[in-house]
Amino acid sequence: MAENRKKIEKVQQVLDADEEAPWTILGVNRNAGKDEVNRARKKICLLVHPDKFQDEQEKLRANQAFQKVQDACEKMDKGAEERQREERARQAEEREREVARKAQEERELAERERARRQAEEDKRRAEE
């Protein structure tokens, strides 16, 4: 009886959770990795799977909760992939900035060297 009540409460908790915040449905951190999301999904699905319920009304609600959990996992997976793409893009931009900075330093160094040589040449000519 207590086990069934726990399942019903979990179904209600899932149904009440904000769909725009899938991590709240799964009870994980917003930036959770794929493994953590999958562990949470399995744990919740064991409680809210429609086959765990006898009453038709409870079975329907459990089915809605089960689907909501699956949708939340899909959103979290897409979010993780997007964060990875953004991180790779950020790293690429950082590398490009570093390359540009080094190229600028090399140009400035070459310009200083050219100016130093010109000054030496001017000094040598003035001494002649």
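As the structure is a prediction and not an experimental result, all values here were calculated from the model. Sequence positions, counted from 1, serve as the residue numbers for this chain.
Contact of the Arg116 side chain with the Arg112 side chain is not registered, since no non-hydrogen atoms from C-beta on lie closer than 4.5 Å. In this structure the side chain of Val28 reaches within 4.5 angstrom of the side chain of Met76, judged on heavy atoms. Looking at Gln70 and Arg41, their side chains come closer than 4.5 Å, going by heavy atoms from C-beta outward. In this structure, the side chains of Phe53 and Ile8 come closer than 4.5 Å at one or more pairs of heavy atoms. Within the 4.5 Å cutoff, the side chain of Arg117 has heavy atoms near those of the Glu113 side chain.
Atoms CG and NZ, from Leu46 and Lys52 in turn, are 6.0 Å apart once rounded to the nearest 0.5 Å. Cys73 contributes atom SG, which lies 6.5 Å from atom CG of Asn38 (distance to the nearest 0.5 angstrom). Note: Glu127 CD to Arg124 CZ = 9.5 Å, rounded to the nearest 0.5 Å.
Put simply, the side chain of Lys7 never gets that close to the backbone of Leu47: no donor and acceptor are under 3.5 Å apart. Panel note: side chain Lys10, backbone Ile44; no donor-acceptor pair is recorded below 3.5 Å. A donor-acceptor distance shorter than 3.5 angstrom exists from the side chain of Lys68 to the backbone of Ala17, with no hydrogens or angles considered.
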Original post:
Going through the distances and angles, do Lys78 and Glu82 end up as a salt bridge (charged side-chain N to carboxylate O under 4.0 Å, His left out)?
Top reply: CA-CA 6 Å; Lys78 286 181 182 176; Glu82 187 175 317; over 6 Å; no
Original post:
Given Glu111 and Arg114, is the salt bridge (charged side-chain N to carboxylate O under 4.0 Å, His left out) satisfied, shown in steps?
Top reply: CA-CA 5 Å; Glu111 179 61 28; Arg114 189 195 63 71; 2.6 Å; yes
**OP:** Before giving the answer on side chain to side chain contact (heavy atoms under 4.5 Å, CB included), spell out for Leu15 and Gln64 the whole-Å C-alpha distance, their side-chain angles and the decisive distance to 0.1 Å.
**Re:** CA-CA 7 Å; Leu15 291 174; Gln64 291 171 338; 3.7 Å; yes
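What you find for Asn29 and Glu36 is that their closest heavy atoms are N-OE2, 4.1 Å. For the residue pair Ala65 and Val14, the shortest heavy atom distance occurs at O-CG1, 3.5 Å. The shortest heavy-atom contact between Pro50 and Ala62 is CA-CB, 3.9 Å.
In the model, Arg107 has a side-chain atom that pairs as donor or acceptor with a side-chain atom of Gln104 under 3.5 Å. Under 3.5 Å, the side chains of Gln67 and Asp71 contain a donor-acceptor pair of N or O atoms.
More than 12 heavy-atom neighbours from other residues, nucleotides or ligands sit within 6.0 angstrom of CD on Glu105.
A side chain to side chain donor-acceptor pair (under 3.5 Å) with Gln91 is found for exactly one of Glu87, Glu93, Glu94, namely Glu87.
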